[in-house]
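Report on one structure; see the data block that follows.
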Amino acid sequence: IEDIDGTRCPPEYEAAIYRDLAWLGLGWEEPVRRQSDHFADYAAALERLPEARRAREEATARACIERIGRAGTPACIEALEDVIAGEGDELASAATRALGLAAGREEAAGSADALERALVSALGHRSSDVRIAAAEALGHVGTPPAVAPLREATSGRALDGALRRATRQAIAEIQSRVKGASPGQL
């Protein structure tokens, strides 16, 4: 029973529903499920949405790589860049994650510069999710030249905390890979 909106769903309407169903000869499971009794279930489902979305993006990213070609090849990189530039934000986010996955593969070593350029370009995307995915990927595979664009991605914008954290983490990860670099040096 949808009983969340008390002004539109008073108890007498519920009683009328039961009478009408009985008159039609229809039965129902007891006890009747009331929406108002399940707010905790709805809250738990809402908390799982970001996890589920990320898992779906990861699966889509892997599918992008499989469909487009061998990860890290120029054709794959170009195709993923086209998706990021022209598709909906969710697919663009998945394509950005695909670039990050491709960058981490051994066979992509020869295309590292092109992958990094594509990820840096994704930092300018209209979607915060795409920018976060690019920052996270750059944290794993970026080189010192990626630090300046990462800093630019967070300057002069009203940012959500996730993007700010992702760029800070990416810069820290890049710095940790550079021998002799102290925090803040790059």
Side-chain angles (χ1 to χ4, degrees), residues 39-66 68 71-72 76-106 108-109 111-186:
F39 285 128
D41 296 337
Y42 307 143
L46 284 172
E47 286 188 24
R48 289 190 306 268
L49 283 177
E51 263 176 47
R53 181 178 182 184
R54 187 173 185 108
R56 188 177 64 246
E57 286 178 354
E58 294 286 342
T60 304
R62 285 185 177 82
C64 281
I65 290 174
E66 289 171 18
I68 292 169
C76 175
I77 296 166
E78 187 177 315
L80 290 170
E81 286 178 304
D82 289 345
V83 169
I84 293 167
E87 298 295 331
D89 292 349
E90 187 173 329
L91 192 54
S93 182
T96 304
R97 291 191 191 292
L99 284 171
L101 290 170
R105 292 185 172 187
E106 193 173 307
S111 302
D113 290 343
L115 284 163
E116 183 170 289
R117 278 193 304 278
L119 290 167
V120 165
S121 176
L123 287 172
H125 196 273
R126 67 186 171 274
S127 165
S128 177
D129 289 340
V130 173
R131 294 192 307 267
I132 290 168
E136 289 171 348
L138 283 167
H140 298 298
V141 299
T143 61
V147 171
L150 280 162
R151 286 196 174 116
E152 285 177 27
T154 59
S155 66
R157 289 186 178 173
L159 298 177
D160 64 29
L163 179 57
R164 183 171 280 116
R165 282 188 298 279
T167 55
R168 285 183 187 153
Q169 181 66 32
I171 291 168
E173 288 177 26
I174 292 169
Q175 287 176 326
S176 73
R177 285 194 302 276
V178 177
K179 292 190 190 309
S182 60
Q185 182 179 354
L186 298 178

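In this chain, numbering begins with 1 at the start of the sequence shown.
- Of all heavy-atom pairs spanning Ala146 and Val120, the tightest one is CB-CG2, 4.3 Å.
- Heavy-atom minimum distance, Arg164 versus Thr154: CA-CG2, 4.4 Å.
- Under a 3.5 Å cut-off, the side chain of Arg131 and the backbone N or O of Arg126 do form a donor-acceptor pair.
- Listed by chain and number, the residues in a side chain to side chain contact (heavy atoms under 4.5 Å, CB included) with Gln169 are Glu173 (sequence neighbours excluded).
- Between His140 and Arg177, the shortest heavy-atom distance links the atoms O-NH1, 3.5 Å.
- Of all heavy-atom pairs spanning Ala135 and Thr167, the tightest one is CB-CG2, 3.9 Å.
- Atoms CG and CD1, on Leu123 and Ile132 in that order, are 11.0 Å from each other to the nearest 0.5 Å.
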Exercise for the section: Just do the side chain to side chain contact (heavy atoms under 4.5 Å, CB included) check on Leu138 and Leu150 with the steps written out, would you? Expected result: CA-CA 9 Å; Leu138 283 167; Leu150 280 162; 4.1 Å; yes
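- Taking CZ of Arg117 as the start and CG of Leu119 as the end, the distance is 11.0 Å to the nearest 0.5 Å.
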